[in-house]
> 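Handing you this structure, nothing more for now.
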Amino acid sequence: MHYQTAASWGGYVTAVVVGDPLERIERMASENAVVIFSISTCCMCHAIKRLFCGMGVNPTVYELDEDPRGKELERALMRLLGCSSVLPVVFIGGKLIGTMDRVMACHINGTLVPLLKEAGALWL
């Protein structure tokens, strides 16, 4: 699996911003076409990253366990989604898609590719 550096159009980045966690998430999610909030040791997070890479999408991945304020962001994502087990969380075009189950449902029912095209993450 290959990811670009943060300076290019996808990759692993560390969130080094201050302010309200929900505002930070909103800002981070809107900076790139596909954004994944993840934990580096999570198998579901790995699977969702592989799905997008396999489709030719280079997501920006925020590994929350590698960020000093990652727990704060994870708690904010829990509040946003209203559940206790949230990662991975995917945003496409700045819009919350959801967790693994929602992304897979979109993939299976054929709505994921149009969302990716609309966000500029896929060109074909």
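Model, not experiment: these values are computed from the prediction.
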> Once rounded to the nearest 0.5 Å, what's the spacing between atom SG of Cys43 and atom CZ of Arg50?
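Those atoms lie 14.0 Å apart.
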> Are Met78 and Cys83 side-chain neighbours, meaning at least one heavy-atom pair lies under 4.5 Å?
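No, too far: nothing below the 4.5 Å cut-off.
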> Quick one: closest heavy-atom pair of Arg27 and Glu31, and the distance?
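Scanning both residues, the minimum pair turns out to be O-CG, 3.1 Å.
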> Mind checking the SG-CD1 spacing from Cys42 to Ile48? Nearest 0.5 Å is all I need.
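Between Cys42 SG and Ile48 CD1, I get 10.0 Å after rounding to 0.5 Å.
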> So how far is it from Asp20 CG to Glu26 CD, rounded to the nearest 0.5 Å?
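Reported to 0.5 Å precision, the distance equals 9.5 Å.
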> Just verifying a value: how many Å separate Thr60 OG1 and Phe37 CZ, rounded to the nearest 0.5 Å?
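That separation rounds to 10.0 Å.
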> What are the two closest non-hydrogen atoms of Leu73 and Pro21, and how far apart are they?
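Minimum heavy-atom contact is CD2-O, 4.0 Å.
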> Any side-chain heavy atom of Phe52 within less than 4.5 Å of one from Val103?
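Yes, side chains in contact.
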> Answer yes or no: is there a side-chain heavy-atom contact under 4.5 Å between Leu51 and Met104?
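Side chain of Leu51 against side chain of Met104, heavy atoms only: contact under 4.5 Å found.
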> State, with a plain yes or no, whether a side-chain heavy atom of Glu74 is found less than 4.5 Å away from one of Ile39.
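Yes, close enough: below the 4.5 Å cut-off.
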> For Ser38 and Glu63, run side chain to side chain donor-acceptor pair (under 3.5 Å): C-alpha distance rounded to whole Å, both residues' side-chain angles, the deciding distance at 0.1 Å, then the answer.
CA-CA 5 Å; Ser38 173; Glu63 297 291 357; 3.0 Å; yes
> Checking side-chain contact (heavy atoms from CB on, under 4.5 Å) against Phe91, which of Ile97, Ile25, Ile36, Val34 comes through?
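Filter result, single survivor: Ile25.
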> Restricting to salt bridge (charged side-chain N to carboxylate O under 4.0 Å, His left out), what partner residues turn up for Lys95, sequence neighbours left out?
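Salt bridge (charged side-chain N to carboxylate O under 4.0 Å, His left out) list for Lys95, sorted by chain: Glu118.
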> Does CE belonging to Met55 count more than 12 external heavy atoms closer than 6.0 Å?
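For Met55, atom CE is crowded (more than 12 foreign heavy atoms under 6.0 Å).
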> Would you name the heavy atoms of Ala76 and Leu22 that are closest together and state the gap between them?
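Smallest heavy-atom distance, with atoms named: O-CD2, 3.4 Å.
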> Are the side chains of Asn58 and Asn32 in touch, meaning some heavy atoms are under 4.5 Å apart?
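No. Closest side-chain heavy atoms not under 4.5 Å.
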> Among all residues two or more places apart in sequence or in another chain, which pass the salt bridge (charged side-chain N to carboxylate O under 4.0 Å, His left out) test with Glu72?
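Glu72: salt bridge (charged side-chain N to carboxylate O under 4.0 Å, His left out) contacts with Arg24, Arg69.
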> Hey, does Tyr62 have a side-chain heavy atom less than 4.5 Å from the side chain of Val35?
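Of all side-chain heavy-atom pairs linking Tyr62 with Val35, at least one is under 4.5 Å.
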> Roughly how far, to the nearest 0.5 Å, is CD of Glu66 from OG1 of Thr41?
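If we round to the nearest 0.5 Å, Thr41:OG1 and Glu66:CD are 9.0 Å apart.
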> Which distance, rounded to the nearest 0.5 Å, do you find between the CE of Met44 and the CG of Asp101?
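So the gap between those two atoms works out to 10.0 Å.
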> Within the structure provided, determine whether Thr99 and Leu87 are in side-chain contact (heavy-atom separation under 4.5 Å).
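No, their side chains stay 4.5 Å or more apart.
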> Taking side chain as C-beta onward, heavy atoms only, is Pro59 less than 4.5 Å from Cys53?
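A side-chain contact exists here, since the closest heavy-atom pair is under 4.5 Å.
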